[in-house]
Amino acid sequence: MKDTIILRDYQEKAVRDIFDYVCNNSGNPVVIAPTGSGKSVIIAEIIRRSLQWWPGTRVLVLTHQKELIEQDMDKLHRIAPDLDLGVYSASLGSKDASHDVTFASIQSICKNREATFNFVIVDECHLINNDESGNYRSYLGTLNCKVVGFTATPYRLGQGEIVGEGTIFDHYIETIGILEMQKRGYLCRLRSKLTLTEFNLKNVGKAMGEYKQGELDKAVNTLRNNEAVAKELAWYVANAGIKHMVVFCTSVEHAYAMKSLLCSLDVSTICVEGKM
């Protein structure tokens with residue numbers, strides 16, 4: 001039975017805008033969908049309608065992480081459980097591109113030049129190079145079909161906007177902004193705050209406009225800095241009515257060091273890292 005996932009108004013509008021552009025233009029659009037806006041739901045509905053309206057269409061959903069493959073596949077299965085789905089990803093133990101809809105990692109399927117598709121959806125499409133280098137550009141260049149990209153950040157570090165001359169995309173499709181999602185109650189309202197503790201970053205180098213991670217961690221992740229920040233955060237919990245905080249650290253090791261100090265000050269703390 002079809003899951004009771006009802007699209008929000010901006011999700012429905014995004015789906016209509018995507019089909020309108022794809023059907024009436026020769027280029028490839030990028031859908032800007034902020035974190036929390038339900039990107040996987042929009043992707044699932046595009047696929048469902050594509051196969052309903054154009055039977056025989058072969059769809060490829062392309063990304064770079066197995067977790068994203070599982071997330072996107074789960075949403076489609078919930079919305080359209082009867083569709084023929086397959087996975088092409090070494091990390092998920094399957095390399096099968098024979099289905100109507102294939103969810104694939106770029107690292108695995110870029111080596112397969114025999115499978116053909118009519119329609120490609122790229123999740124986290126800001127990872128596609130603006131020039132013609134890299135696995136994405138090399139592989140997509142062999143397919144000769146329509147591509148729709150999805151991202152929350154339509155900008156590639158060191159290269160700029162992902163829509164424009166030299167890129168594979170030529171049009172932005174907006175969905176909803178973070179402030180509007182907060183206003184509607186879809187996201188919590190956040191208040192950002194710098195610590196009173198200041199860090200000496202004078203000798204930390206930069207690469208492509210960002211601090212070098214190793215040097216930044218060495219400058220910030222010290223016992224003196226960590227103890228000062230932990231005491232400051234504990235004060236907010238005890239005296240300012242703060243119930244929940246998100247603390248961004250310079251490394252996984254830094255995060256666990258801060259967790260240990262905060263727990264020692266009776267501030268319940270967990271760490272969230274990329275391997276989870």
Determine whether the aromatic ring centres of residues F19 and W53 are separated by less than 6.0 angstrom.
yes
Could you check whether any side-chain heavy atom of [X] comes within less than 4.5 Å of a side-chain heavy atom of [Y], counting everything from C-beta outward?
X: I47; Y: F119; result: no
X: V15; Y: I42; result: yes
X: L140; Y: I128; result: yes

F150: which of V61, I32, I46 passes side-chain contact (heavy atoms from CB on, under 4.5 Å)
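Per the side-chain contact (heavy atoms from CB on, under 4.5 Å) rule, the option paired with F150 is I46, out of V61, I32, I46.
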Under 4.5 Å between side-chain heavy atoms, chaining through other members, with only Ile, Leu, Val, Met, Phe, Trp and Tyr counted: pull out the rest of the cluster around F199, sorted by chain and number.
L201, V204, Y211, L216, V220, V229, L233, W235, Y236, V237, I242, M245, V247, M258, L262, V267
Other than F248, what residues sit in its cluster of Ile, Leu, Val, Met, Phe, Trp and Tyr side chains whose heavy atoms are under 4.5 Å apart, directly or through others?
V246
With distance as the sole test, does D131 use its side chain to make a donor-acceptor pair with the main-chain N or O of S133 at under 3.5 Å?
yes
Who are the side chain to side chain donor-acceptor pair (under 3.5 Å) partners of E165, not counting sequence neighbours?
none
Residue set satisfying side chain to side chain donor-acceptor pair (under 3.5 Å) with N239, at least two apart, ordered chain then number -> none
Considering only residues two or more places apart or on different chains, which pairs with a residue in residues 4-16 satisfy salt bridge (charged side-chain N to carboxylate O under 4.0 Å, His left out)?
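Counting only pairs at least two positions apart or across chains, the salt bridge (charged side-chain N to carboxylate O under 4.0 Å, His left out) contacts touching residues 4-16 are D9-R184, E12-R16, E12-R49, K13-D17.
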Intermediate values then yes/no, side-chain hydrogen bond (donor to acceptor under 3.5 Å, both in side chains), T197 and T195
CA-CA 5 Å; T197 303; T195 60; 4.9 Å; no
Using a 6.0 Å cut-off, check whether atom CD of E198 has over 12 heavy atoms from anything other than its own residue.
no
Check this for me, if you would: do R48 and E45 make a salt bridge, where the nitrogen-to-carboxylate-oxygen distance has to be below 4.0 angstrom?
yes
Residues forming a salt bridge (charged side-chain N to carboxylate O under 4.0 Å, His left out) with D123, sequence neighbours excluded
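For D123, the residues satisfying salt bridge (charged side-chain N to carboxylate O under 4.0 Å, His left out) (neighbours in sequence not counted) are K39.
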